[in-house]
Enquirer: 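Below are the structure tokens for one structure; questions will follow.
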Number of protein chains: 2
Amino acid sequence: MAQKRLLVDMDGVLADTYQQFFRLESNITGKKIQREDVIGVSEADAFPNYLSYVHKAGFFRDAPVIENAIEVMKKLNNVYDIFIVSSAMEFPNSLREKYDWLQEHFPFLHWKQIILCGSKIPVQGDILIDDHFKNLDYFKKTTLLYTQPHNMGRDKGHQRVNNWKEIESILL
Amino acid sequence: MAQKRLLVDMDGVLADTYQQFFRLESNITGKKIQREDVIGVSEADAFPNYLSYVHKAGFFRDAPVIENAIEVMKKLNNVYDIFIVSSAMEFPNSLREKYDWLQEHFPFLHWKQIILCGSKIPVQGDILIDDHFKNLDYFKKTTLLYTQPHNMGRDKGHQRVNNWKEIESILL
């Protein structure tokens with residue numbers, strides 16, 4: 001039987017971009033933003049200097065990996081036809097950085113499994129794990145909404161997952 | 001009515017990579033390979049130093065644009081929901097180069113319309129213009145085979161187009 005095609009977002013699902021947001025915002029302003037302050041607020045609105053650092057070299061390359069993502073992805077990669085699907089084109093610096101980041105942290109993924117795009121609408125599969133409604137709402141099959149502060153408080157009909165252990169128990 | 005989604009390959013369809021192959025091979029070896037010598041031969045087999053220059057900085061950035069591609073794409077972009085879908089992940093240098101190349105030659109395309117991938121299999125639309133059977137054979141809907149030396153002599157059931165004027169007359 002053909003493996004199911006599983007599409008996995010990067011930022012906010014594999015890469016802990018919020019840790020980067022909190023750290024860099026604090027470096028620039030000296031002010032520590034708390035997680036509870038940014039619930040339900042878009043990333044661009046939550047962090048006043050958002051645009052300055054997502055366009056800066058190194059922002060994506062240096063992002064920490066979200067807990068348990070590597071070990072669970074390794075298991076999923078044996079069972080599913082996995083593609084990493086990441087919106088990268090808005091930030092051209094991020095193209096090479098995202099490739100290098102995946103090579104470092106997810107070396108078991110082949111380059112054929114990476115898709116860097118603008119809009120995700122033409123990319124189809126059986127399951128999509130993503131933290132943004134703008135991607136999940138267009139997806140035709142099973143969706144998993146990965147919890148991040150900006151999406152808390154509503155699920156718009158998508159199944160919510162709070163961490164990679166929950167993904168493991170649903171998909172494996 | 002929703003616009004049809006048209007997927008357009010870059011290398012060998014928008015970008016004249018063969019001109020690069022001929023030029024660079026001649027620079028390296030001093031030997032001029034003729035177009036008739038490489039009919040039906042894969043690019044990697046036709047050009048002995050293929051791997052050395054596709055991995056070199058500038059190869060994709062400096063490629064000439066295929067004749068009439070810009071003017072016809074401009075017209076198509078008003079009528080179709082266009083996405084550029086390019087296999088770039090094998091050559092990580094090419095990621096930024098392809099983005100910059102599109103910005104220079106096709107500035108009327110939005111970054112949301114660019115998809116750089118490894119495999120094109122998960123990317124779906126209504127029409128695909130491509131020069132490689134490995135992409136066309138997996139596509140579920142209408143395919144247009146763009147003539148390049150490596151694909152001459154067989155069409156495997158795909159409709160062949162020899163230049164952008166032919167694409168214009170078919171799609172517009």
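Numbers restart at 1 for each chain; the letters A, B, ... are given by sequence-line order, proteins then strands.
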Enquirer: Donor-acceptor pair, B:Asp45 side chain versus B:Ser42 backbone, under 3.5 Å?
Expert: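 Not confirmed, B:Asp45 side chain does not pair with B:Ser42 backbone.
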
Enquirer: Could you tell me whether A:Lys165 and A:Glu168 have a side-chain N and a carboxylate O separated by less than 4.0 Å?
Expert: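 Looking at A:Glu168 together with A:Lys165, the answer is yes, because their closest N to O distance falls below 4.0 Å.
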
Enquirer: Does any N or O in the side chain of B:Asp16 come within less than 3.5 Å of the main-chain N or O of B:Gln19, such that one atom is a donor and the other an acceptor?
Expert: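 Yes, the answer is positive, given that a donor and an acceptor are paired below the 3.5 Å cut-off.
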
Enquirer: Tell me, side chain or backbone of A:Asn93 under 4.5 Å from chain B's heavy atoms, or both, or neither?
Expert: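 Both backbone and side chain of A:Asn93 come within 4.5 Å of chain B.
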
Enquirer: Taking it one step at a time, do A:Met89 and B:His110 satisfy side chain to side chain contact (heavy atoms under 4.5 Å, CB included)?
Expert: CA-CA 10 Å; A:Met89 225 50 72; B:His110 193 276; over 6 Å; no

Enquirer: Need one label for B:Ile121: side chain, backbone, both or neither, based on atoms under 4.5 Å from any heavy atom in chain A.
Expert: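 For B:Ile121, the contact with chain A is made by backbone and side chain together.
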
Enquirer: Taking every non-hydrogen pair under 4.5 Å, which of A:Asp100, A:Ile84, A:Leu116, A:Ile115 racks up the most with chain B?
Expert: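 Highest number of pairs under 4.5 Å: A:Leu116.
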
Enquirer: Of the listed residues (A:Lys112, A:Glu90, A:Gln103), which shares the most heavy-atom pairs with chain B below a 4.5 Å separation?
Expert: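 Heavy-atom pairs under 4.5 Å are most numerous for A:Glu90.
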
Enquirer: Evaluate whether atom CZ of B:Phe133 has more than 12 neighbouring non-hydrogen atoms of other residues, nucleotides or ligands under 6.0 angstrom away.
Expert: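 Buried by this count: over 12 neighbours within 6.0 Å.
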
Enquirer: Find the one option among B:Gly118, B:Pro92, B:Ala88 whose heavy-atom pairs under 4.5 Å with chain A are most numerous.
Expert: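 Of B:Gly118, B:Pro92, B:Ala88, B:Pro92 has the most heavy-atom pairs under 4.5 Å with chain A.
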
Enquirer: Using a cut-off of under 4.5 Å for heavy-atom pairs, which of B:Cys117, B:Ser119, B:Ser87, B:Pro122 has the most such pairs with chain A?
Expert: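 Heavy-atom pair counts peak at B:Pro122.
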
Enquirer: By a 4.5 Å heavy-atom criterion (distance strictly below it), what part of A:Arg5 contacts chain B: side chain, backbone, both, or neither?
Expert: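 For A:Arg5, the contact with chain B is made by the side chain alone.
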
Enquirer: Please identify, among B:Ile114, B:Val123, B:Leu95, the residue contributing the most non-hydrogen atom pairs under 4.5 Å to chain A.
Expert: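 Sorted descending by pairs with chain A, the first entry is B:Ile114.
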
Enquirer: Please check: side-chain N/O of A:Glu97 versus main-chain N/O of A:Phe60, any donor-acceptor pairing under 3.5 Å?
Expert: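 Indeed, once roles are kept as given, a pair shorter than 3.5 Å links the two residues.
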
